[in-house]
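Everything on this sheet refers to the single structure shown next.
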Amino acid sequence: MSIKRIGIIGGGQLAWMMVDASKKLGIELIVQTPSKNDPAVSIAQATVLAAVDDAAATEFLSKECDVITFENEFVNLDALSLLETEGVCFRPRLAALSPLLDKYHQLCYLWDLGLRVPQFFALEKSADIESKIEYLGFPIVLKARRHGYDGQGTFIVHDSATFSTVVNKSNTQFLVEEFVPFTRELAIIAARSVNGEIVTYPVVETQQEQQVCRRVIAPADITPEQAAEINAIAHTILNSLQAVGIFGIELFITADGKILINEIAPRTHNSGHFSLDACETSQFEQHLRAVSGLPLTNTSLHCPSAVMVNLLGYENSHSDYSKQRQKLIDIPQAYLHWYGKTESRPRRKLGHITVLLEQQNRDVIESIIQTIESIWYPG
Ligand code: ADP
């Protein structure tokens with residue numbers, strides 16, 4: 001079947017960044033997203049204005065499209081399963097999403113595959129919580145099992161009083177993880193095709209502040225053995241899920257070189273944005289290729305190194321930050337992507353900038369980050 005129209009659940013910046021690639025491939029995109037102000041709405045072929053977990057809207061979307069994919073995984077899987085049994089084509093298929101949507105289930109899944117993850121347990125009223133926490137020792141990491149993103153729902157907790165406050169304040173289901181004393185955070189973007197072919201992007205270093213991604217450096221400064229280990233992890237996960245499309249895998253590396261998986265996102269990912277400007281094929285094009293049944297293409301960097309910096313909101317405002325943006329695009333070899341959001345809020349991702357570099361030099365990278373952030377953030 002030749003895929004001509006793809007439905008995307010979610011119309012945020014991840015869908016927005018697929019639009020150029022879709023035009024190149026001659027594919028139309030229709031997004032299902034709750035607000036007419038969402039980034040992809042103005043440039044997609046059409047929009048179904050509805051929440052991403054509105055399965056009735058997805059049923060309507062499915063009638064307009066050959067295949068449905070996701071830029072947001074906070075869907076109602078049970079309701080979508082009915083559509084899948086009726087023949088609606090989801091890529092990735094829903095069985096590849098279902099072990100991932102609850103972070104506790106995701107860790108169990110990875111553990112069962114024999115992959116290394118932080119020690120963890122689900123926070124249940126009946127469980128012997130105190131002794132388990134004592135065993136892990138503070139700090140611990142408390143995570144909402146569902147619907148966490150950009151660090152919302154993730155708390156690094158240093159004592160039992162704070163632990164009780166966080167847990168009692170909400171009726172969210174939590175899991176607890178050991179705090180991993182990582183030296184760096186890494187990520188890999190991988191794609192799997194309908195035929196089971198897998199391609200991976202160069203492993204990157206990601207830098208988070210207050211649990212939100214601030215910067216990505218490509219490639220990560222790791223050994224070839226570590227890169228091979230991370231590639232093997234990506235293959236194991238995507239093959240086991242029989243995934244189709246792009247998946248983002250976040251990892252920790254410790255001082256003794258141990259690699260642990262933090263989490264998997266069943267979609268394009270912030271840690272792969274550098275690929276838009278720095279790689280032969282962007283993660284967005286690769287995703288569309290995979291879900292359309294096209295062959296996957298070259299993931300290599302076409303420059304020695306690149307750095308991507310997120311432009312995060314730091315105030316409540318309706319500004320379009322045009323002066324700062326002008327200064328940013330004047331940086332040599334810089335590519336600015338502004339998502340066109342009408343409202344800025346602290347920590348909201350408003351855009352990103354990628355700078356291509358002639359060499360892989362830490363001092364140069366630090367200096368570019370410093371330049372960008374001093375233009376972007378006040379003070
Ligand atoms: P989200 O899904 O909201 O992005 P994550 O689970 O990826 O949340 O956590 C966000 C950040 O919190 C991570 O990038 C990392 O910096 C920190 N973090 C998460 N889990 C741990 C852990 N077990 N040990 C240490 N830091 C962690």
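Counting starts at 1 for both ligands and their atoms, in listed order.
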* Atoms of ligand 1 close to Tyr149 [distance to a heavy atom under 4.0 angstrom, numbered from 1] -> 3 (O)
* Checking Thr268 side chain against Gln283 main chain: does a donor-acceptor pair fall under 3.5 Å? -> no
* **Identity and distance of the protein heavy atom lying nearest atom 1 (P) of ligand 1** => Glu263 OE2, 3.4 Å
* Would you mind checking which non-hydrogen protein atom is closest to atom 24 (N) of ligand 1, with the distance to 0.1 Å? => Val180 N, 2.8 Å
* Give the atoms of ligand 1, by number and element, whose distance to some non-hydrogen atom of Gln208 is under 4.0 Å. => 14 (O), 16 (O)
* Asked: In terms of atom number and element, which parts of ligand 1 are under 4.0 angstrom from non-hydrogen atoms of Glu178?
  -> 22 (C), 23 (N), 24 (N)
* **Check: Phe284 ring centre within less than 6.0 Å of His273 ring centre** => yes
* Structure fact -> Among non-hydrogen protein atoms, atom 3 (O) of ligand 1 lies closest to Gly151 N, 2.7 Å
* Okay, side chain of Arg93, backbone of Leu241: is any donor-acceptor separation there less than 3.5 Å? -> yes
* Which is closest to atom 8 (O) of ligand 1 in terms of heavy atoms, Thr154, Ile156, Leu251? -> Thr154
* To do: Test side chain to side chain donor-acceptor pair (under 3.5 Å) on Asn72 and Arg267 and set out the steps.
  => CA-CA 7 Å; Asn72 180 315; Arg267 52 169 166 75; over 6 Å; no
* Atoms of ligand 1 less than 4.0 Å from Val141 heavy atoms? -> 20 (N), 21 (C), 22 (C), 23 (N), 24 (N)
* Residue pairs passing the side-chain hydrogen bond (donor to acceptor under 3.5 Å, both in side chains) test where at least one lies in residues 289-303, sequence neighbours excluded -> Thr281-Thr297, Glu285-Arg289, Asn298-Ser300
* Asked: Out of Lys143, Glu177, Gln211, whose heavy atom sits nearest atom 19 (C) of ligand 1?
  -> Lys143
* Structure fact -> Those residues at least two apart in sequence (or on a different chain) that pass side chain to side chain donor-acceptor pair (under 3.5 Å) with Glu177 are Lys143
* Asked: Is it the side chain, the backbone, both or neither of Phe179 that has a heavy atom closer than 4.0 Å to ligand 1?
  -> both
* Asked: Is there side-chain contact between Gln45 and Leu29, with at least one heavy-atom pair below 4.5 Å?
  -> no
* How about Trp376 and Asn310: do any of their side-chain heavy atoms sit closer than 4.5 Å? -> no
* Which residue and non-hydrogen atom of the protein lie closest to atom 18 (N) of ligand 1, and at what distance in Å? -> Phe252 CZ, 4.0 Å
* **Mode of Thr206 contact toward ligand 1 - side chain, backbone, both, neither (heavy atoms, under 4.0 Å)** => neither
* **Proximal candidate to atom 16 (O) of ligand 1 [heavy atom criterion; set Gln119, Glu185, Glu250]** => Glu185
* Do Leu110 and Ile264 have side-chain heavy atoms sitting under 4.5 Å apart? -> yes
* Asked: Phe182: heavy atom below 4.0 Å from ligand 1, yes or no?
  -> yes
